[in-house]
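Notes for the one structure printed next.
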There are 2 protein chains.
Amino acid sequence: MRIGELAERTGISRRLLRYYEEQGLITPERCANGYRVYSEEFVDRVTQIRGLLDAGLPTRIIRQVLPCLNRPRDIHFTDATPEMLALLERERDAMSRRIEVLARNREAIGAYLVAVRDR
Amino acid sequence: MRIGELAERTGISRRLLRYYEEQGLITPERCANGYRVYSEEFVDRVTQIRGLLDAGLPTRIIRQVLPCLNRPRDIHFTDATPEMLALLERERDAMSRRIEVLARNREAIGAYLVAVRDR
DNA sequence: TGAAACCCTCACACTCGTGTGAAGGTAAAG
DNA sequence: CTTTACCTTCACACGAGTGTGAGGGTTTCA
């Protein structure tokens, strides 16, 4: 599949797909004319990258973390250095905090909306 | 309280506090010599701004939304135009989606950590 | 009085994730 | 053959956040 199809299937712009490649998060094949060629698994992979980005992880961290979190469920332990594990733990905790803040603010907005509706 | 104390109490740098002011998110008093003066409520206010920013709302939206979400719990209905309400609803839903993604990715990382620990 | 620790504005500059468009090559269909 | 829809790289620009520094005022305390 070429970049346009992947973009359509993941909802990620071509631009961003190229950016993720530039950042070393994905490395598609190239065919003779230079076009990028993506295999099926890139759909999942790209979706996961988006998820992690939305989670607030910078590409720098994602680059380190992705090899561990590889899809499908065959977890790779190869590169799980203690530093990496500590990093992952910190990120997981940061995500928990982010979720809490997010939920709290969503409740605040939700409560406001309810209050206005019942006014 | 002056900017240094607020920075210390909220964990937000002076630089950013000035930036939020520049963006119209907070408007501290000034005393005669030009120093910014913050009342107690700014601690909450600034924390909430950070929360909303972390939640992915741009300052542009926060600026519109903050007057409605004012602390403490005395909700202001004054500026609740239908457009604003629709905006808030959309943002709330976007936050829900973001929370889901975040939670899913946290689980993925958590599962990985558990798997590595139990190896 | 002087030094330390605040504060002010202004401004340059960098990162990061994105959008957008230019200039050009390629492929498929009329 | 030409049009259309892809693809390529390159580059400028934005918003949000952030660091840093210059140049200058104020407060506090020894």
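Naming: A, B, ... by sequence-line order, numbering from 1 per chain.
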Q | Short side-chain N/O contact from Arg36(B) to OP1 or OP2 of dT9(C), under 4.0 Å | A | yes
Q: Please state how far atom CG in Leu17(A) lies from atom P in dC6(D), giving the value in whole angstrom units.
A: 15 Å
Q: Using the rule that two of Ile, Leu, Val, Met, Phe, Trp, Tyr join whenever any of their side-chain heavy atoms come within less than 4.5 Å, decide whether Leu16(B) and Leu66(B) are in one cluster.
A: yes
Q) For every nucleotide of nucleotides 12-24 of chain D, 5' to 3': is a protein heavy atom under 4.0 Å from its base (B), only from its sugar-phosphate (S), or from neither (-)? A) ----BSBBB----
Q.
Within this structure, what is the CD1-CD1 distance for the pair Ile49(A) and Ile12(A), rounded to the nearest 0.5 Å?
A. 8.5 Å
(Q) For a side-chain hydrogen bond (donor to acceptor under 3.5 Å, both in side chains) check, start with the C-alpha distance between Tyr20(A) and Arg50(A), then their side-chain angles and the critical distance, and finish with the verdict. (A) CA-CA 10 Å; Tyr20(A) 296 159; Arg50(A) 275 268 20 121; 2.7 Å; yes
Q: For Glu5(B) and dA5(C), give me the distance from atom CD to atom P, rounded to whole Å.
A: 18 Å
Q) Is there side-chain contact between Leu52(B) and Glu91(B), with heavy atoms separated by less than 4.5 Å? A) no
(Q) Given dC7(C), dT9(D), dT9(C), identify the nucleotide with an atom nearest to the side chain of Arg30(B). (A) dT9(C)
(Q) Measure CD/Glu8(B) against C1'/dC7(C) and give the value in whole Å, please. (A) 15 Å
Q: Ignoring backbone atoms, test whether Asn33(B) places a side-chain nitrogen or oxygen under 4.0 Å from the OP1 or OP2 oxygen of dT27(D).
A: yes
Q) Just how far, in rounded Å, is C1' of dT9(D) from CZ of Arg14(A)? A) 15 Å
Q: To the nearest Å, give me how far apart CZ (Arg18(A)) and P (dC10(D)) are.
A: 12 Å
Q: Please state how far atom OH in Tyr35(A) lies from atom P in dC6(D), giving the value in whole angstrom units.
A: 11 Å
Q: May I ask whether Leu113(A) and Leu57(B) are part of the same hydrophobic cluster, defined by side-chain heavy atoms of I, L, V, M, F, W, Y residues being less than 4.5 angstrom apart, directly or through others?
A: yes
(Q) Tell me the interatomic distance from Glu21(A), atom CD, to dT8(D), atom C1', rounded to whole angstroms. (A) 11 Å
Q.
Using a strict threshold of under 4.0 Å (side-chain N to carboxylate O), is an ion pair present between Glu89(A) and Arg117(B)?
A. no
